[in-house]
Amino acid sequence: MKRLRLFLSSMAGRLFVILLVGMMVAAIGATLLAESRRQQEFERQNLARIADRLQGFVNLLDGNPELRSRLLAVGGPNVREVKGEVRTGDMDQALMDVLAARGGALAGAQVRASSFRACMPPLPEFLPPPDRGQRPSHRHERDPAFTPPRCRLVELKLSDGTPLRLALEYPAMARRSAAAFDPWFLSLLALAIGLLAYLVARIASSPLQRLATHATELGHDLQRAPLPVSGPLEVQRAAEAFNAMQLRLQRHLGERTQMLAAITHDLQTPSTRLRLRLENVQDEQLRERLIGDLAAMQALIREGLELARSAESAEQRAALDLDSLLESVVEDAAESGHDAVLEQGSGAVLMLRPLAMRRLFSNLVDNAVKYGRAAHVSARRDGAAVEVRVRDNGPGLAEDELEAVFTPFLRLETSRSRETGGAGLGLTIARALAEKDGASLILRNHPEGGLEAIVRWEAPQWPANSQDR
């Protein structure tokens, strides 16, 4: 049910519903119209046949006055003379119009609906005397698949002025129900239209889905291959516009990185000379403060360059044992005298950028031991997803600060001391590295205390022929 709701909320699902309902209504409407036209044509031909029979009988009576009485006694096909009074109803205008078009004695004929008894010959002619000992059979319900016989009273005058009253019988006819309401017809029609609508909806929405996929991947890898320019004209124009935007972003990011690299390079020499000159300052306290400010400035430059490089890195992905990487990062922190431990592994081998991932988890572990006095690292697999958690023993952050700390150059005084160094770019760089490899990075306050950083791959890229999938 959830997948169905998700499909119906997509463009392909909505196109499918619109096409399915629209085509079904159009098909059933066309079928009903065709059935109505067919029924009208059938009625017209039936009236023509009945008029032919009546005309043939009347012409025979009109052309043979000496045999008229005998012919009336015998009757014709579905035609017989009416004697006495019979119950009549409304005028049959359709048959009167057909007879009027024939001309002759039929031109002025009056046709009325009549009880079927007028069209029946006398009972003794074809029925045996009723058996008094037998109980009458029960009446059967009328079969809706058949139109029962009907009777019409025709009043006309022959060419010599002789009036005639004839009973004209409409024979019973099989009546086929409209094909549009046949269950088998409807099922076949719905299946055919449903398949066609689904195919058309998928074809129509696939370019948009491809564009959305490439846009999502572009956020992770700006250097990815351009979007193929193919398909209808509108799709080609959208692909060309998307590729032009990607090219502009690449150019803009490249220019920013080159600018930062140039600034860093150009500042190295004067900062080095400044450091040498600061060593000659006689006031020891002033010298230490100036050297500290210079070191902070150099660190800021280096981290700004790292931030730019993290978004433009062209490092290729490779099969990476996530547990081995985490173990190596934790060992480096432990060898530096920090409280760092890997509590649980996931056993996952993913297609990742090794250097970028080492920088990512090194930043998170460094933050944990620097501001939370410990780093407890664990990895696990959650269905198809893979998750790494880094928890510290610090006081945590306020709820409104959990997302704010990812803002570049933002340093929270309540949780960050300037004495520990840093330019406020560590978490920003970590998130950029995570997102470039298809992961998300969030912070949360652990229920048992401390701040927890969670890196999660919802749909990780596994190596080919991997046994960990």
Side-chain angles (χ1 to χ4, degrees), residues 36 39-177:
S36 176
Q39 189 66 29
Q40 291 176 3
E41 180 64 20
F42 177 77
E43 293 289 346
R44 189 189 66 79
Q45 294 180 4
N46 188 46
L47 287 176
R49 287 194 297 268
I50 293 174
D52 288 342
R53 293 174 184 175
L54 180 61
Q55 184 178 19
F57 185 69
V58 170
N59 289 342
L60 189 61
L61 294 175
D62 203 16
N64 299 279
E66 66 280 1
L67 299 177
R68 187 174 298 167
S69 58
R70 296 180 60 185
L71 291 173
L72 288 173
V74 175
N78 301 107
V79 183
R80 62 180 295 274
E81 184 182 15
V82 176
K83 297 180 180 180
E85 295 297 327
V86 294
R87 187 172 57 185
T88 59
D90 298 332
M91 303 288 288
D92 191 340
Q93 192 61 45
L95 182 57
M96 289 174 59
D97 292 341
V98 175
L99 296 178
R102 301 295 177 97
L106 298 177
Q110 298 291 316
V111 182
R112 295 178 179 274
S114 176
S115 63
F116 192 72
R117 183 174 297 178
C119 293
M120 295 177 61
L123 293 178
E125 294 184 9
F126 67 97
L127 286 179
D131 187 354
R132 302 293 183 181
Q134 293 183 352
R135 298 179 61 183
S137 60
H138 65 279
R139 297 179 60 184
H140 293 278
E141 295 183 359
R142 179 177 297 179
D143 189 349
F146 291 88
T147 300
R150 294 170 291 170
C151 187
R152 296 291 183 267
L153 178 63
V154 182
E155 297 177 326
L156 54 86
K157 289 184 179 181
L158 298 178
S159 58
D160 57 3
T162 303
L164 281 180
R165 298 174 71 234
L166 301 176
L168 179 63
E169 179 184 351
Y170 282 26
M173 295 178 297
R175 182 170 58 189
R176 187 167 64 94
S177 60

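Remark: Glu85 CD is loosely packed, at most 12 non-hydrogen atoms of other residues, nucleotides or ligands lying under 6.0 Å away.
Interatomic distance, Glu43 CD to Leu95 CG, rounded to the nearest 0.5 Å: 11.5 Å. Taken from OG in Ser159 to CG in Asn59, the straight-line distance is 9.5 Å, to the nearest 0.5 Å. How far CD of Gln39 is from CZ of Arg44: 13.5 Å, rounded to the nearest 0.5 Å. Between Leu47 atom CG and Leu99 atom CG the span is 9.0 Å, to the nearest 0.5 Å. The line from CD of Gln110 to CZ of Arg165 is 13.0 Å long, rounded to the nearest 0.5 Å. One distance of note links CG of Leu71 with CD of Glu66; it measures 9.0 Å at 0.5 Å rounding.
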>> For a side chain to side chain contact (heavy atoms under 4.5 Å, CB included) check, start with the C-alpha distance between Leu61 and Leu72, then their side-chain angles and the critical distance, and finish with the verdict.
In response: CA-CA 8 Å; Leu61 294 175; Leu72 288 173; 3.5 Å; yes
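Annotation: side chain of Leu158 is in contact with side chain of Leu164 (closest heavy-atom distance under 4.5 Å). Looking at heavy atoms from C-beta onward, Leu156 lies in side-chain contact with Val154 at the 4.5 angstrom threshold. Using a 4.5 Å heavy-atom threshold, the side chains of Arg102 and Asp52 count as touching. A heavy-atom distance below 4.5 Å is not found between the side chains of Val79 and Val58.
Side-chain atoms of Ser114 come within 3.5 Å of backbone N or O of Arg87 as a donor-acceptor pair.
A salt bridge links Asp160 with Arg68: the distance from a Lys NZ or Arg NE/NH1/NH2 to an Asp or Glu carboxylate oxygen falls below 4.0 Å.
Residues Tyr170 and Asp92 approach most closely at OH-OD2, 3.0 Å, considering heavy atoms.
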